Peer 1: 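Mind looking over this structure? Questions follow.
The model shown is predicted, which means the values in this text are computed figures rather than measured ones. For this chain, numbers begin at 1 and follow the sequence in order.
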Amino acid sequence: MINSFNKIKKFWNNKRVFITGHTGFKGTWLVIFLNMMKAKIYGYSLKAPRFSLFNQTKCSKLVKENYYLNINNFNSLKKKLHEAKPQIVFHLAAQPLVSDSYEDPLNTFLPNIIGTANLLEAIKEIKSIKAVVIITTDKVYKIKKKNKPFSEDDELGGKDPYSASKSCAEILVNSYIESFFNKLSHRIRISTARSGNVLGGGDYSKNRIIPDILKSINHKKKLIIRNPKHIRPWQHVIEPIFGYIILAQNLFLNKLTKSGHSWNFGPNYNSFITVYELLAKIKKVKNIHNTSIKKNKHIETKILKLNSEKAKKYLRWNQKWNIDKTIKKIFEWNDSYNSKKNMRKTCEKQIKEYLEK
């Protein structure tokens, strides 16, 4: 697999790329990454909140066309896809939070299931498209008592509305592949990508550990943590973003020999740690004020681990930054933010450091 900066840039230069959910946290990092590769980016998403990484980095200027529309609107989505004539599509538009899915399940199921169906139906007629990567989550798996990492062929499930919605999206994608896109004459290749719990600068989501920690440090407030014994596959946001990019590149070039359309992008096993262990690592590098534990009123999976051997073997994708390096990069980003530096340049600097490792 080609993984040098210049060779990746050569592939992506002038590629027409359509990104749904481009104003979100991961979507913004993807836009910045692909802009560095000189891709022509078209974004389809709801408008970003005023205080967001997208606005902080002035990412709208990097996008050739910003379509601020709802993924649930099939006719609008189809029209904009026809206008953009993309070669590659990344689908990130979703309601991404477990906690919000409990508060508003309908507005979780609609974008995560119907929005995905809208995209799959719309792309059937777009002749320019060659590769599609649909982002789901590590929470699509049916939780069993065995404490082992999930691989792509494990059973799907999901008790909370968010996990259930993403499991449904996976089943939906499989249905469309088998029913419409698996025919020899069809030109579009589709994969789903399931990543671990992403960490990184510019995540301002509520009820997430790193945003809560940074707020506590920056504003000298008490830190409230939930689920301290829960284990997650922690990784820097650049890790799966790079995975999505090389997956799309391999799909486009029709280089994938491994059967099965789903791909895990998770960290190495030493990054599977509890919330409490993550907090202890952070306390070694930053002073955190008072902390307290608040019982979570919603049920969440206690242990989540991913087996990413498939991506390692067939895409030559590997975690580059372990949990300690990830924490270091988050605080480098936060220091730049507190120093009022250009945050897009800060993101670009970290991406370049990652690629040069």
Side-chain angles (χ1 to χ4, degrees), residues 1 15-21 30 44 71-72 74 77-78 80-82 84-94 109-142 150-158 163-195 240 243-266 306-311 313-315 317:
M1 171 63 204
K15 286 289 189 301
R16 297 171 70 87
V17 182
F18 194 95
I19 304 173
T20 73
L30 180 60
Y44 188 102
I71 194 71
N72 297 331
F74 173 74
L77 177 62
K78 185 177 178 181
K80 297 310 179 186
L81 280 162
H82 274 286
K85 295 181 177 62
Q87 296 163 285
I88 297 170
V89 175
F90 291 96
H91 177 49
L92 287 84
F109 289 121
L110 280 172
N112 296 6
I113 302 173
I114 302 303
T116 302
N118 284 343
L119 178 80
L120 290 165
E121 186 64 24
I123 64 174
K124 282 160 63 178
E125 298 177 11
I126 314 294
K127 293 182 180 179
S128 58
I129 298 173
K130 298 290 186 293
V132 180
V133 176
I134 294 176
I135 314 306
T136 60
T137 177
D138 58 349
K139 296 172 182 63
V140 298
Y141 295 107
K142 184 174 182 179
F150 292 104
S151 58
E152 289 86 350
D153 55 0
D154 280 328
E155 185 179 359
L156 300 177
S163 301
S165 73
K166 286 295 191 174
S167 298
C168 288
E170 287 276 356
I171 294 168
L172 186 66
V173 171
N174 186 67
S175 174
Y176 263 80
I177 290 173
E178 294 294 332
S179 302
F180 307 109
F181 296 106
N182 236 3
K183 295 169 184 173
L184 292 175
S185 60
H186 214 286
R187 71 210 170 273
I188 300 177
R189 289 174 283 277
I190 303 172
S191 283
T192 60
R194 307 163 180 173
S195 69
Y244 306 159
I245 286 171
I246 59 174
L247 174 58
Q249 183 172 334
N250 275 264
L251 285 171
F252 186 93
L253 296 172
N254 199 17
K255 285 190 171 182
L256 294 177
T257 57
K258 174 66 177 175
S259 62
H261 65 268
S262 298
W263 299 80
N264 285 344
F265 294 100
L306 286 182
N307 180 329
S308 303
E309 293 304 314
K310 180 180 171 183
K313 181 175 181 179
Y314 295 98
L315 297 175
W317 173 89

Peer 1: So, the side chain of K310 versus the backbone of S262: is there a donor-acceptor pair under 3.5 Å, distance only?
Peer 2: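 Answer holds: yes.
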Peer 1: As an exercise, state the distance from CD1 of I129 to CZ of R187, rounded to the nearest 0.5 Å.
Peer 2: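 I129 CD1 to R187 CZ: 7.5 Å, rounded to 0.5 Å.
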Peer 1: So, taking the atom named OG in S163 and the one named CG in L156, what distance separates them when rounded to the nearest 0.5 Å?
Peer 2: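 Taking OG in S163 and CG in L156, the distance rounds to 11.0 Å.
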Peer 1: Which residues pass the side-chain hydrogen bond (donor to acceptor under 3.5 Å, both in side chains) test with N112, not counting sequence neighbours?
Peer 2: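 With sequence neighbours excluded, N112 shows a side-chain hydrogen bond (donor to acceptor under 3.5 Å, both in side chains) to S165, given in chain and number order.
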Peer 1: Roughly how far apart are S179 OG and L120 CG, rounded to 0.5 Å?
Peer 2: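 Rounded to the nearest 0.5 Å, the OG-CG separation comes out at 10.5 Å.
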Peer 1: Taking only Lys NZ, Arg NE, NH1 and NH2, and the carboxylate oxygens of Asp or Glu, determine whether E152 and R194 approach each other closer than 4.0 Å.
Peer 2: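 Looking at R194 together with E152, the answer is no, because their closest N to O distance does not fall below 4.0 Å.
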Peer 1: Return the minimal non-hydrogen interatomic distance between Y244 and S195, and the atom names on each side.
Peer 2: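 The pair with the smallest heavy-atom distance is OH-OG, 3.2 Å.
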Peer 1: Would the distance check show the side chain of K139 and the main-chain N or O of S167 forming a donor-acceptor pair, the cut-off being under 3.5 Å?
Peer 2: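 Pair absent, no side-chain N/O of K139 close to backbone of S167.
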Peer 1: Tell me whether the rings of F150 and Y141 are parallel (<30°), tilted (30 to 60°) or perpendicular (>60°).
Peer 2: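 Judged by the thresholds at 30° and 60°, the geometry between F150 and Y141 is parallel.
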Peer 1: Determine whether I123 and F181 make a side-chain contact, defined as any pair of heavy atoms from C-beta on separated by less than 4.5 Å.
Peer 2: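 A side-chain contact under 4.5 Å exists here.
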Peer 1: I want to check something: taking the side chain as every heavy atom from C-beta on, are I190 and H261 in contact at a cut-off of under 4.5 Å?
Peer 2: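 Of all side-chain heavy-atom pairs linking H261 with I190, none is under 4.5 Å.
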Peer 1: Roughly how far, to the nearest 0.5 Å, is the CZ atom of R189 from the CG atom of L253?
Peer 2: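 Those atoms lie 8.5 Å apart.
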Peer 1: Identify the two heavy atoms, one from A169 and one from T116, that lie closest to each other, and give their separation to 0.1 Å.
Peer 2: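 Of all heavy-atom pairs spanning A169 and T116, the closest is CB-OG1, 4.1 Å.
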Peer 1: Taking all non-hydrogen atoms of both residues into account, name the closest pair between G115 and N72 and its distance.
Peer 2: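 The answer is N-OD1, 4.0 Å.
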Peer 1: I'd like to know if the side chain of Q87 reaches the main chain of R16, judged simply by a donor and an acceptor atom lying under 3.5 Å from each other, with no hydrogens or angles considered.
Peer 2: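 Checked: pair present.
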Peer 1: As an exercise, state the distance from CG of L119 to CD1 of I134, rounded to the nearest 0.5 Å.
Peer 2: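 Nearest 0.5 Å value for the CG-CD1 distance: 5.5 Å.
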Peer 1: Please report the shortest heavy-atom distance between A164 and G158, naming the atom on each side.
Peer 2: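 Taking A164 first and G158 second, the nearest heavy atoms are CB-O, 3.6 Å.
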Peer 1: Return the minimal non-hydrogen interatomic distance between F265 and A193, and the atom names on each side.
Peer 2: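 For F265 and A193, the tightest heavy-atom pair comes out as CE1-CB, 3.8 Å.
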Peer 1: If we ignore hydrogens and angles and just use 3.5 Å, is the side chain of S151 paired with the main-chain N or O of N307 as donor and acceptor?
Peer 2: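 The answer is no, because no donor-acceptor pair under 3.5 Å joins these two groups.
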Peer 1: State the OG1-CD distance between T137 and E170, to the nearest 0.5 angstrom.
Peer 2: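 The OG1 atom of T137 sits 9.5 Å away from the CD atom of E170.
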Peer 1: Run the side chain to side chain contact (heavy atoms under 4.5 Å, CB included) test on W317 and S308 for me, step by step, so that the C-alpha distance in whole Å, both residues' side-chain angles and the decisive distance to 0.1 Å come before the verdict.
Peer 2: CA-CA 9 Å; W317 173 89; S308 303; 4.0 Å; yes
Peer 1: Show the nearest heavy-atom pair for residues A117 and Y176, with the distance to one decimal.
Peer 2: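 Heavy atoms only, the tightest pair is O-OH, 4.2 Å.
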Peer 1: Find out whether L30 and I245 are in side-chain contact, i.e. whether some heavy atom of one side chain is under 4.5 Å from a heavy atom of the other.
Peer 2: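 Of all side-chain heavy-atom pairs linking I245 with L30, at least one is under 4.5 Å.
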Peer 1: Do F18 and L81 come within less than 4.5 Å of each other through their side chains, counting heavy atoms only?
Peer 2: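 Yes; the side chains approach each other to less than 4.5 Å.
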Peer 1: I want to check something: taking the side chain as every heavy atom from C-beta on, are V132 and L251 in contact at a cut-off of under 4.5 Å?
Peer 2: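 A side-chain contact under 4.5 Å is absent here.
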Peer 1: With the side chain counted from C-beta on, respond yes when K85 and I126 share a heavy-atom pair under 4.5 Å apart, and no when they do not.
Peer 2: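 Counting from C-beta outward, K85 and I126 never come under 4.5 Å.
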Peer 1: Spell out, as yes or no, whether a donor-acceptor pair under 3.5 Å connects the side chain of N118 to the backbone of I71.
Peer 2: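 Yes; at least one donor-acceptor contact below 3.5 Å.
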Peer 1: Check whether any side-chain heavy atom of K124 sits under 4.5 Å from a side-chain heavy atom of K78, and report yes or no.
Peer 2: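 Not touching, per the 4.5 Å side-chain cut-off.
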